[in-house]
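First the proteins, then the strands, lettered A, B, ... as listed; each starts at 1. Just so you know, these numbers use all the heavy atoms, side chains as well, and skip hydrogens, waters and symmetry mates.
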Number of protein chains: 2
Amino acid sequence: MNDVARTAGVGLKTVSRVVNGEPRVRPETARKVHAAITKLGFRRHEGARWLRQGSTACIGMVLEDMADPFYSMLTRAVEQVARAKGFLVFTGSSEADPAQERELAQAFCARRVDGLVIAPASQDHRYLEPELQAGVVVVFVDRPAQNIDADAVLADNAGGVRAGIAHLLSQGHRRIGFLGDTPEIFTAAQRLRGYQEALAAAGLPFDESLVAMGRPEQGFVRMSFDRFFAGPEPVSALFTGNNRATVAALRELATRTERPALVGFDDFELADLLHPAITVVKQDAAAIGRTAADLLFRRISGDDGPARTIELSTQLIPRGSGEVTP
Amino acid sequence: MNDVARTAGVGLKTVSRVVNGEPRVRPETARKVHAAITKLGFRRHEGARWLRQGSTACIGMVLEDMADPFYSMLTRAVEQVARAKGFLVFTGSSEADPAQERELAQAFCARRVDGLVIAPASQDHRYLEPELQAGVVVVFVDRPAQNIDADAVLADNAGGVRAGIAHLLSQGHRRIGFLGDTPEIFTAAQRLRGYQEALAAAGLPFDESLVAMGRPEQGFVRMSFDRFFAGPEPVSALFTGNNRATVAALRELATRTERPALVGFDDFELADLLHPAITVVKQDAAAIGRTAADLLFRRISGDDGPARTIELSTQLIPRGSGEVTP
DNA sequence: CTGAAAGCGCTTACAG
DNA sequence: CTGAAAGCGCTTACAG
């Protein structure tokens, strides 16, 4: 910018004015400046600008795994809102590792992002306190913050599962296996709660032997199904707690003879092309992302009302696999 | 940092030394500085650092659509390499809009990223020339740069399709329909070329009426299939040019009675759980991302050899849909 | 309408 | 081992 000023034979401030489109510059002067800019191939250094101004017009996004469609949809929605506001977004995957979540969030903050969207892996977010104090705003998605007060946008996990289980009950199923993720995960615990509530609402007993909570890996799913289908009263239906569990269940069922009814939490591509097509409780990842981004930008613009938790409703989509009688 | 220096009763440079872990600081002095840092909740401002140092330790990534699994896999791979190098990554989706690609790339450059990974939507990359001159390094993925000289990491598109078509020919198919994306897209054109080459290698004529190139939308696919299956010599097999085309084809076939053999370019989740399971030519998105990131960081570290184009081989995965005789 | 000075928060090169 | 000065590229507050 200094070079531009020298080349154009004007003051530094005048160049700044031209670059920022401020008024009060004689057209002739502006023309000289523009000529110098083109000649020198000048491009403003945003970093220097922020140093002076405060805001960086960047936000950071920490998610669990970019390759999971739930998170990539969510990311795209956040990105779209950010672009409309003229913001750029850093993304990073925590790979379900609390330490990696913290490192990413702190690295983003060191770059002085104005805000953070976090799909948390950590069970303790006190590490964010200094950042919050420094003015960074944070919105949690999918799972709430722990040990700090912060906004969150969640799916109605328990309600979605209740709807799914009620649907299976209405088909006459009485023994429904529940395959969920490890109960340390907020969403997994909420969904299990939904399962219990639905049974209670129908006046049915809760049988722990019909619940399997763990990482949806081949071995774990096989073991769980061996248990579900053994004995005199095998399950006649399954509820899977997230899209990875649903896919793992389908893979396992493909190797077995049992054909239980199946409802999965979270929709996935091609669910409608399988035989039978898979009935799911859909959570709207894009809506979660959009809502979170809107909230984030409202906070960035100065809204400092109390922390809010927004729950987005889910939707049961019957496609066949959940409409099988015992 | 000034406040820290004052609080600790030392010089600014000493704080800088402590923060950067430079030697030649008396342990006692360092302790005082650390105490002040904790007391004040000091966090170094990376932006100011870069202003002085040049590098920002950030890269930008422009892709077509974050929600497409091909791109999200690719992104994750780039991210992982970047993290290992201590770099952060900006991401942005062009949504197949050349203008949006340019805006994103330029916005990243204004933030002074050290490098750029671009999955291009644009047909002309001369807009990057000033950035390249300014020292930004760029690696293209999936599709090469146009009108500028730059590194690229691509799948072996033509080779992959040749393998897929040869596979269908070996099952006895002689009339194979090709459903590709619009031919302006580099990969679509390359894949069509592979189709033609495979036919030529087998001594078969190229019949234009068996080719449909366009955005893989419901209407276009239906129209194309109407044509493919009409007349006295309908196609007995289909080759789809990308994962969206494959899924669109499956959706369309689900509404029809024809049951052609099918091979798709690009693998997708659940391909193995469909009936029949889908035979694909797999391109390794993660490997493309990893290779591109490696190349990018080699460039960032100063490798200024001639621009390179790296082609990664593909793999035919027979699963059933491609092993159907006419 | 225009510009010289000071400063954002850090590092670099130098002197003690 | 330690620190005062200058500067990265811009903007802010002020004076002409």
Side-chain angles (χ1 to χ4, degrees), chain A residues 1-37 40-58 106-107 109-114 130-131 134-136, chain B residues 1-37 40-58 86 106-114 130-131 134-136:
Chain A
M1 196 171 243
N2 247 316
D3 297 344
V4 174
R6 210 172 311 121
T7 308
V10 301
L12 184 60
K13 175 61 198 171
T14 302
V15 179
S16 174
R17 265 192 273 264
V18 172
V19 169
N20 290 302
E22 289 173 34
R24 311 203 174 186
V25 179
R26 253 196 308 180
E28 193 193 334
T29 315
R31 222 170 296 131
K32 278 196 296 186
V33 172
H34 276 126
I37 287 178
L40 270 51
F42 166 81
R43 307 165 310 142
R44 176 168 60 191
H45 188 140
E46 296 293 330
R49 198 171 181 217
W50 301 329
L51 182 54
R52 207 63 190 74
Q53 292 204 139
S55 158
T56 57
C58 294
Q106 289 177 330
C109 289
R111 262 81 169 177
R112 292 296 192 275
V113 294
D114 294 324
E131 317 294 349
V136 180
Chain B
M1 194 174 246
N2 246 317
D3 297 344
V4 174
R6 210 173 311 122
T7 308
V10 302
L12 184 59
K13 175 61 198 170
T14 302
V15 178
S16 174
R17 265 192 274 266
V18 171
V19 169
N20 291 302
E22 288 172 36
R24 312 204 173 186
V25 178
R26 255 198 305 183
E28 192 193 332
T29 316
R31 222 169 297 129
K32 277 195 297 185
V33 172
H34 276 126
I37 287 179
L40 269 50
F42 166 80
R43 308 165 309 142
R44 175 167 62 190
H45 187 142
E46 296 294 329
R49 199 172 180 218
W50 302 328
L51 184 53
R52 207 63 189 77
Q53 291 204 138
S55 158
T56 56
C58 294
Q106 289 177 330
F108 292 155
C109 288
R111 263 79 168 176
R112 291 295 191 274
V113 294
D114 294 325
E131 317 295 349
V136 180

Nearest non-hydrogen partners of [X] and [Y], listed with the distance:
| X | Y | answer |
| --- | --- | --- |
| A/W50 | A/S55 | CD1-O, 2.9 Å |
| B/V4 | B/V15 | CG1-CG1, 3.8 Å |
| A/V25 | A/A30 | CG1-N, 3.9 Å |

**Fill in**
Residue pairs passing the salt bridge (Lys or Arg N to Asp or Glu O under 4.0 Å) test with at least one member in residues 45-56 of chain A, sequence neighbours excluded, are A/R44-A/E46, A/E46-A/R49
**Prompt:** Distance-only, no hydrogens or angles: does the A/T56 side chain make a donor-acceptor pair with backbone N or O of A/R112 under 3.5 Å?
**Reply:** yes
**Prompt:** Reading DNA chain C 5' to 3', which nucleotide is the first, and which the last, to come under 4.0 Å of any heavy atom in chain A?
**Reply:** C/dC1 to C/dG9
**Fill in**
For A/A107, the side-chain contact (heavy atoms from CB on, under 4.5 Å) test, sequence neighbours excluded, returns A/R111, B/L88
**Item:** Validation row: A/L51, B/H45 side chains within 4.5 angstrom (heavy atoms)
**Value:** yes
**Request:** Check whether any side-chain heavy atom of A/V19 sits under 4.5 Å from a side-chain heavy atom of A/I37, and report yes or no.
**Result:** yes
**Asked** By a strict heavy-atom criterion of less than 4.0 Å, which residues belonging to residues 4-15 of chain B are in contact with DNA chain D?
**Response** B/V10, B/G11, B/K13, B/T14
**Prompt:** Just checking A/N20: base, sugar-phosphate only, or nothing, at a heavy-atom cut-off of under 4.0 Å?
**Reply:** sugar-phosphate
**Asked** Looking for any heavy atom pair under 4.0 Å, which part of the strands does A/R17 touch: base, sugar-phosphate only, or nothing?
**Response** base
**Prompt:** Among all residues two or more places apart in sequence or in another chain, which pass the side-chain hydrogen bond (donor to acceptor under 3.5 Å, both in side chains) test with A/S16?
**Reply:** A/N20
**Request:** Whenever both distances are under 3.5 Å in a Watson-Crick or G-U wobble pair, mark it; put DNA chain C into dot-bracket that way, with [ ] for crossing pairs and | when the partner is on another strand.
**Result:** |||.||||||||.|||
**Message:** I need the B/T29 OG1 to B/H34 NE2 distance, nearest 0.5 Å.
**Reply:** 11.5 Å
**Request:** For B/R26 and for B/L51, find the nucleotide of DNA chain D with the closest heavy atom, then tell me which residue's nucleotide is more 5'.
**Result:** B/R26
